[in-house]
Engineer: 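Please read through the structure below; I'll follow up with questions.
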Amino acid sequence: MLGKRNHSGSVPPNGKKKLRKRSTVELVPESEQIFQGKVFYYVPPDDKAQPRRIRINKAIKFGAAWTTELSLSTTHIVVDKTLTFKDVMTFLKLETLPSNIIMVSEDYPIDSIESRFLLDPKQKQYTVSGYQEMSKVERAAPPSPTMSEHASEDTAALKQPPSHSKELVHGSEIDDTSARVQISQPQNHDMDDHKKMIKLARSMEHIPINDEDDDQEDDIPPSRDQSDESGSDVEPRRPSSHNRPKSKRKGSRNLSFNQEGFTCMTGGTGITTDSNPNARTIEILQKMADYYVETKDHWRQSAYRKTIGVLRKQNTKISSYDEAIRLPTIGHRLALKIEEIVLTNGLRRLNDVVSDPRFHVLQTFMNIYCVGINQAWNWVQQGHTSLEDLKAHVSLTKNQQLGIEHYDEFLTRIPREEVTALGNFVRDAAVSIDPKVEVIIGGSYRRGASSSGDIDFILTKRSTTSSQELLEFLTSLTNHLTKVGFLVAALLTPSQTGSKWHGCCVLPGILKSIWRRIDFLLVPGSELGAALIYFTGDDIFNRSIRLLASKKGWRLNQRGLYKDVLRGPGRVRLNEGSLIEGADENKIFAALGVPWRPPEQRICN
DNA sequence: TGGCGGTACTG
DNA sequence: CAGTACC
DNA sequence: GCCA
């Protein structure tokens, strides 16, 4: 039933589908792997039904990769015979089929395997019903109600949107690092198998990566900084051979984890690594991380970002598998990849992705403010290739329109001196409205960055105990700053219980000044410490220290550190907990057993 | 095998 | 609710 | 992706 399915589907809120390792699937000899380099997306995209599971496993056996998330590298959509073309397009929320994806019926892989050869997908028996009519005539044909009972069950499954978590299953452990190249070039439907094979062979010849040159690293001199990237996570490191779990700290629970392993315990070095011996490796891994954004595989992306963070801290070049695997957060596959990068100056897998023009389009779209992976992916799927396309053909929210209008500006970094100047401007205005208000610049600026992606302000007042008490002040401030031409747009304003304001500003009186992203956070004095930790970051540090708190049975957020937090299955929080400390940054560190470190040493990314 | 931060706002 | 954002 |  559909209700049940939808319900259970939404229970694991982050789509925890997991990559099912088919280590049990034994591959046929490589020469017989007719699906080598192909990536199959099945509809419905699961293997819950026994027959489909068997078919999928068989395809994997013959070299296919199986994905449950449509992505740039998908080569085939394999459709259950009970479904029509329109069903599939509706399910995928597509208007047209991307030209380089082949849609076939479920018989296609089976027959190909039998004939030991990639068959012509255009043959009638492999086309999905409704496909030809749709492509010939351009009329909106009503869905043919010719479905068996079995079919209706499967269409019910389609109600579940194709979001969340992808699985890419290769038959062997070797997968992506190895020579299993993803073929992502357009494969015209009228290209015959022979030509395809030639093309495939050719594509496997190149090893080095194309530097698509768009990455002028400019000057990111000292320090990293915040908003250039975000959304990684942190977790304990391997117990570093020497220091053992040792005694428990403070009144905390039975600590069955190694606190020393948390990134927040050591933080960043604080040293400004200008040139890192692992720069090239980092560059490639960063692109891999970008690629995994594309696949919506958030956690895999995180793993890459963590690895990048670790490599950045090394002052020697990590060249071999053995060197790499000893480092925290670097496991078997990343160690393999690091070795391959050093050896070949690139990663074969990546080459195919970055050379796909859609990859760049996707990245372009995602750089629009308030456009994320899902929106960007949908637009790419619909065939849009430029910001002009979007302006002309899709409906944009107000913020997205602003994002496009000021696309380059929002990507332009703000020199530290300008942040200081903007800060002074805000401070003067704030104090003139309420002399008791304090203005603190947070974000990468507080971490000492020489340039920032945006400007973050904490607005606080000693005597206050709730952010609402500052709402009126905020209104006066934004009104005033708007009137004098400092604030030029509001992107997000606080709800009645809210505490954040997002918008844009310029330094008045400067010709052709650049629009800057600016954020205000209202903070009562009683929460200043927690807010400082939050607003100083970086994001990796925040995740690490919050995870640490959670392992102790506590909770850290931007308002305070709380104890006695009960959590249910999946760490779902069941209660608020009771406040340990909120006002003093230092005391929060101390309570958690984290050695104090100044903001500059919280750069973990 | 199931974790991987915790929150606020929009549509 | 999903999506996007903040660090 | 990695880790407990």
Side-chain angles (χ1 to χ4, degrees), chain A residues 6 10 12-21 161 163-164 168 175-176 225-227 230-239 256-258 261 264 285 288-289 292 295 297-307 310 325 327-335 337 366 368-376 378 395 397-400 403 442-444 446-447 453-454 456 458 491-495 497-502 517 519-521 530-551 555-559 562 565 569-571 573 602 605:
Chain A
N6 276 344
S10 62
N14 52 355
K16 160 98 246 148
K17 246 195 265 175
K18 249 2 229 271
L19 181 139
R20 286 170 255 167
K21 264 276 164 59
S163 62
H164 287 145
L168 193 81
D175 98 327
D176 42 50
D225 101 286
Q226 103 274 5
S227 56
S230 65
S232 173
D233 49 295
V234 166
E235 99 295 320
R237 298 169 180 180
R238 251 191 295 285
S256 55
F257 62 97
N258 173 24
C264 61
L285 292 180
M288 284 299 285
Y292 282 121
T295 63
D297 192 335
H298 170 71
W299 300 118
R300 202 168 261 120
Q301 184 218 5
S302 298
Y304 277 81
R305 289 198 56 214
K306 275 184 284 187
T307 292
V310 169
I325 197 134
L327 298 172
T329 81
I330 296 182
H332 173 67
R333 335 242 344 247
L334 268 161
K337 285 190 175 68
M366 286 185 64
I368 302 168
Y369 183 72
C370 285
V371 174
I373 178 60
N374 291 289
Q375 190 62 260
N378 287 342
S395 76
T397 68
K398 225 156 180 217
N399 283 358
Q400 289 167 346
S444 53
R446 186 164 186 249
R447 298 196 302 270
D454 64 5
D456 309 298
I458 286 177
L491 301 165
L492 179 155
T493 49
S495 68
T497 73
S499 58
K500 53 173 59 168
W501 190 95
H502 295 171
R517 280 278 298 102
D519 298 338
F520 295 124
L521 185 68
L532 276 171
I533 291 176
Y534 161 63
F535 232 39
T536 301
D538 61 18
D539 67 322
I540 303 259
F541 184 87
N542 283 350
R543 285 170 172 224
S544 173
I545 197 168
R546 287 176 182 210
L547 182 62
L548 173 61
S550 132
K551 295 279 190 208
R555 169 171 69 117
L556 177 64
N557 65 17
Q558 64 206 66
R559 294 197 282 277
Y562 301 80
V565 175
R571 292 179 57 264
R573 204 185 79 232
R602 303 181 202 170
N605 180 21

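This structure is a prediction, so every number in the text was calculated from the model and none was measured. Below, chains carry the letters A, B, ... as their sequence lines are ordered, and counting in each starts from 1.
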Engineer: Nearest to the side chain of A:Pro494, which nucleotide is it out of B:dC9, C:dA5, B:dG5?
Structural biologist: B:dC9
Engineer: If only side-chain N and O atoms of A:Arg446 are considered, is one of them under 4.0 Å from the OP1 or OP2 phosphate oxygen of C:dC7?
Structural biologist: no
Engineer: From B:dG5, B:dT10, B:dT7, pick the nucleotide closest to the side chain of A:Thr493?
Structural biologist: B:dT10
Engineer: Of the candidate nucleotides C:dG3, C:dC7, D:dG1, which contains the atom at the shortest distance from the side chain of A:Asn374?
Structural biologist: C:dG3
Engineer: How long is the line joining CZ of A:Arg305 and C1' of D:dG1, in whole Å?
Structural biologist: 13 Å
Engineer: Between B:dG6, D:dG1, B:dC9, which one does the side chain of A:Arg555 approach most closely?
Structural biologist: B:dG6
Engineer: Could you measure between the two P atoms, the one in B:dG5 and the one in D:dA4, and give it in whole Å?
Structural biologist: 15 Å
Engineer: For A:Arg447 and C:dC6, what is the distance between atoms CZ and P respectively, to the nearest whole Å?
Structural biologist: 13 Å
Engineer: From OH of A:Tyr534 over to C1' of B:dT7, roughly how many Å is that when rounded to an integer?
Structural biologist: 7 Å
Engineer: If you check every side-chain atom of A:Leu547, which of B:dA8, B:dT10, B:dG5 has the closest atom?
Structural biologist: B:dG5
Engineer: In whole angstroms, how far is the C1' atom of C:dT4 from the CD atom of A:Gln375?
Structural biologist: 11 Å
Engineer: I want to verify a distance call: between C:dT4, B:dG5, D:dG1, whose nearest atom is closest to the A:Cys370 side chain?
Structural biologist: C:dT4
Engineer: Between B:dT10, C:dC7, D:dG1, which nucleotide gets closest to the side-chain atoms of A:Leu334?
Structural biologist: D:dG1
